[in-house]
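In what follows, every heavy atom counts, from backbone to side chain, and hydrogens, waters and symmetry copies are set aside. The chain is numbered in sequence order, starting from 1.
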Amino acid sequence: MTGEHADATTARRVRRLETLLEEKGLITGERVDEAIDAFLASSSPANGARVVARAWTDDAFRSRLLADGTAAVRELGYLEGSYQRLRVVENTATTHNVIVCTLCSCYPLRLLGPSPSWYKSEAYRSRVVREPRSVLREFGLELPDTVDITVWDSSAETRYLVLPRRPDGTEDLGEEELTALVTRNALIGTAAV
């Protein structure tokens with residue numbers, strides 16, 4: 001596709017399908033709005049935080065999550081009906097991951113809720129690729145020079161989720177308590193947790 005992001009084409013196709021369904025009397029605009037509202041109501045960074053907490057407490061799940069994020073997340077009831085591939089990238093002592101969509105704002109909405117305005121901004125989308133360490137510093141995340149930063153570019157086909165490092169001293173916490181520690185920014189990679 002020349003100069004056009006696949007999401008724009010998909011959006012036009014979806015709108016055309018909605019129009020045809022409405023014209024044929026098979027669905028109303030109100031019903032479409034209700035379906036969108038229901039989808040958004042079930043889309044939250046708390047979902048992504050639950051995925052992370054499970055990975056922190058269940059090594060077998062963590063392995064499945066890193067091998068096939070889409071399948072592992074579906075085990076928890078998320079991403080049903082989603083056609084995008086989810087790739088989960090893990091932060092370690094020597095590697096930090098951060099996510100961007102340089103073309104628009106592709107993002108795992110069901111796991112992270114509506115994207116923050118800064119994620120959609122041209123400044124973030126262009127700068128995090130060129131100068132990730134500086135951008136992360138502006139978010140308050142200072143990483144040692146010994147930590148490599150990998151920037152992952154989401155697309156219409158593949159979305160990314162960062163698996164942050166489990167904080168020290170949380171070994172006695174249960175899944176619910178761990179879930180409460182995880183922020184949306186950590187799931188994007190602009191915060192440690």
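Here the side chains of Val182 and Trp56 are in contact, with some heavy-atom distance below 4.5 Å. Counting heavy atoms from C-beta outward, Asn91 and Leu163 have side chains that stay 4.5 Å or more apart. Contact annotation: the side chain of Thr146 never approaches that of Thr94 to less than 4.5 Å [non-hydrogen atoms, C-beta and beyond].
Of the possible donor and acceptor atoms, one in the side chain of Arg125 sits under 3.5 Å from a partner among the backbone N and O of Cys104. At least one donor-acceptor pair closer than 3.5 Å links the side chain of Thr183 to the backbone N or O of Val193. Using modelled atom types, no side-chain atom of Arg133 and backbone atom of Ile149 make a donor-acceptor pair closer than 3.5 Å. Of the possible polar contacts, one joining the Ser155 side chain to the Thr158 backbone as a donor-acceptor pair under 3.5 Å is found. Counting only distance, with no hydrogens or angles, the side chain of Trp152 and the backbone of Arg87 share no donor-acceptor pair below 3.5 Å. Of the possible polar contacts, one joining the His96 side chain to the Gly189 backbone as a donor-acceptor pair under 3.5 Å is found.
Atom CG in Asp168 sits 7.5 Å away from atom OG1 in Thr170 (nearest 0.5 Å). In this structure, the separation between OH on Tyr78 and OG1 on Thr70 is 15.5 Å, given to the nearest 0.5 Å. The distance from atom CZ of Arg50 to atom CG of Leu111, rounded to the nearest 0.5 Å, is 10.5 Å. The CG atom of Leu26 sits 10.0 Å away from the CG atom of Leu20 when rounded to the nearest 0.5 Å. The distance from atom CD of Glu122 to atom OG1 of Thr102, rounded to the nearest 0.5 Å, is 11.0 Å. From Ser115, atom OG reaches atom CD1 of Ile99 across 12.0 Å, with rounding to the nearest 0.5 Å.
Across every non-hydrogen atom of Arg110 and Asn47, the tightest pair is O-ND2, 2.8 Å. Nearest approach of Ala53 to Leu178, heavy atoms of both residues: CB-CB, 3.9 Å. Between Tyr160 and Asp153, the shortest heavy-atom distance links the atoms CE1-O, 3.5 Å. Cys101 and Ser154 make their closest contact through SG-O, 3.6 Å (heavy atoms, listed as atom of the first residue, atom of the second, distance). Across all their heavy atoms, Thr57 and Arg166 have their closest contact at CG2-NH1, 4.2 Å. Summarising the geometry of Tyr107 relative to Arg184, their closest heavy-atom pair is OH-CD, 3.1 Å, with the distance given to 0.1 Å.
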Val51 vs Leu187, side-chain contact (heavy atoms from CB on, under 4.5 Å): CA-CA, chis, key distance, verdict:
CA-CA 10 Å; Val51 170; Leu187 299 170; over 6 Å; no
Verdict with supporting geometry, Glu157 and Arg85, salt bridge (charged side-chain N to carboxylate O under 4.0 Å, His left out)
CA-CA 6 Å; Glu157 295 82 27; Arg85 174 178 169 235; over 6 Å; no
What verdict does the salt bridge (charged side-chain N to carboxylate O under 4.0 Å, His left out) test give for Glu90 and Arg62, after you've listed the backbone C-alpha separation in whole Å, the side-chain angles of each residue and the deciding distance to 0.1 Å?
CA-CA 10 Å; Glu90 182 178 29; Arg62 182 180 152 279; 2.8 Å; yes
Before you tell me yes or no, could you show the steps for Thr190 and Leu141 under side-chain contact (heavy atoms from CB on, under 4.5 Å), namely the whole-Å CA-CA distance, both residues' side-chain angles and the distance that decides it to 0.1 Å?
CA-CA 7 Å; Thr190 56; Leu141 182 58; 6.0 Å; no
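Side chain to side chain, Thr95 and Asp148 fail the donor-acceptor criterion of an N or O pair below 3.5 Å.
Of the residues listed (Val135, Asn185, Val128, Val162), the one engaging Val98 in a side chain to side chain contact (heavy atoms under 4.5 Å, CB included) is Val128, and it is the only one.
Salt bridge status for Glu175 with Arg54: present, with a side-chain N to carboxylate O gap under 4.0 Å.
Enclosure of atom CD in Glu171 by more than 12 non-hydrogen atoms of other residues, nucleotides or ligands within 6.0 angstrom is indicated.
Phe139 and Trp118 have perpendicular rings, their planes meeting at more than 60° on a 0 to 90° scale where under 30° would count as parallel.
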